[in-house]
Protein chains: 2
Amino acid sequence: MEFDKLVHQPTRLQLFAYLYRHGETSFSDLADDLDVTEGNLSSHLQRIEDADAVRVEKEFVDRKPRTSYELTETGREKFEEHVGTLEALIDGLDNGG
Amino acid sequence: MEFDKLVHQPTRLQLFAYLYRHGETSFSDLADDLDVTEGNLSSHLQRIEDADAVRVEKEFVDRKPRTSYELTETGREKFEEHVGTLEALIDGLDNGG
């Protein structure tokens with residue numbers, strides 16, 4: 001059983017789950033909903049972006065800059081694989097295997 | 001959503017899952033079955049023991065020393081809580097919540 005540290009780290013696991021579920025989300029919504037500091041959020045998003053698992057979009061909304069994040073196909077696959085590993089671990093508990 | 005780092009760290013998560021499922025297990029069986037080095041295993045078991053989540057038993061079997069590990073009630077509870085958190089995360093994916 002292998003865990004991908006990119007996805008397994010607690011804050012990033014929540015980020016992946018959030019983006020997987022909600023699709024494209026602004027930086028400020030992520031910071032609010034996940035209850036992490038902006039500095040912490042930035043550094044985790046950067047690491048996920050470096051792995052090509054998230055795509056960043058910068059635009060202006062009502063003349064204010066807005067930065068949004070969305071999982072790439074790679075990101076969705078990595079997360080799905082990770083959930084599969086966790087499900088296997090949990091399922092194994094009942095089987096005495 | 002809170003992750004307990006004691007349980008969440010990948011090697012320890014596998015250790016918890018293994019001990020939860022198999023009950024008391026010798027050090028050498030753990031090292032074999034989890035495919036971790038003895039040094040790595042020792043340090044993770046020590047950390048789990050420091051948190052009172054595992055109990056150690058030393059005995060002689062055929063005149064050879066044998067060290068075994070078993071989750072304490074605290075250890076079982078911590079692991080069950082963690083699995084509950086993971087299940088909530090996974091279940092949430094379908095609900096768009």
For E81(A), does the CD atom sit with more than 12 other heavy atoms under 6.0 Å from it, leaving out its own atoms?
no
Crowded around E80(A) CD? As in, over 12 foreign heavy atoms under 6.0 Å?
yes
Spacing of CD1 belonging to I90(A) relative to NE2 belonging to H82(B), to within rounding of 0.5 Å:
8.5 Å
Residues of residues 24-33 of chain B within contact distance of chain A, non-hydrogen under 4.5 Å:
none
Testing the basics here: between H8(A) and Q9(B), what is the closest heavy-atom pair and its distance to 0.1 Å?
NE2-C, 4.3 Å
Residue F16(A) versus chain B: region with a heavy atom under 4.5 Å:
neither
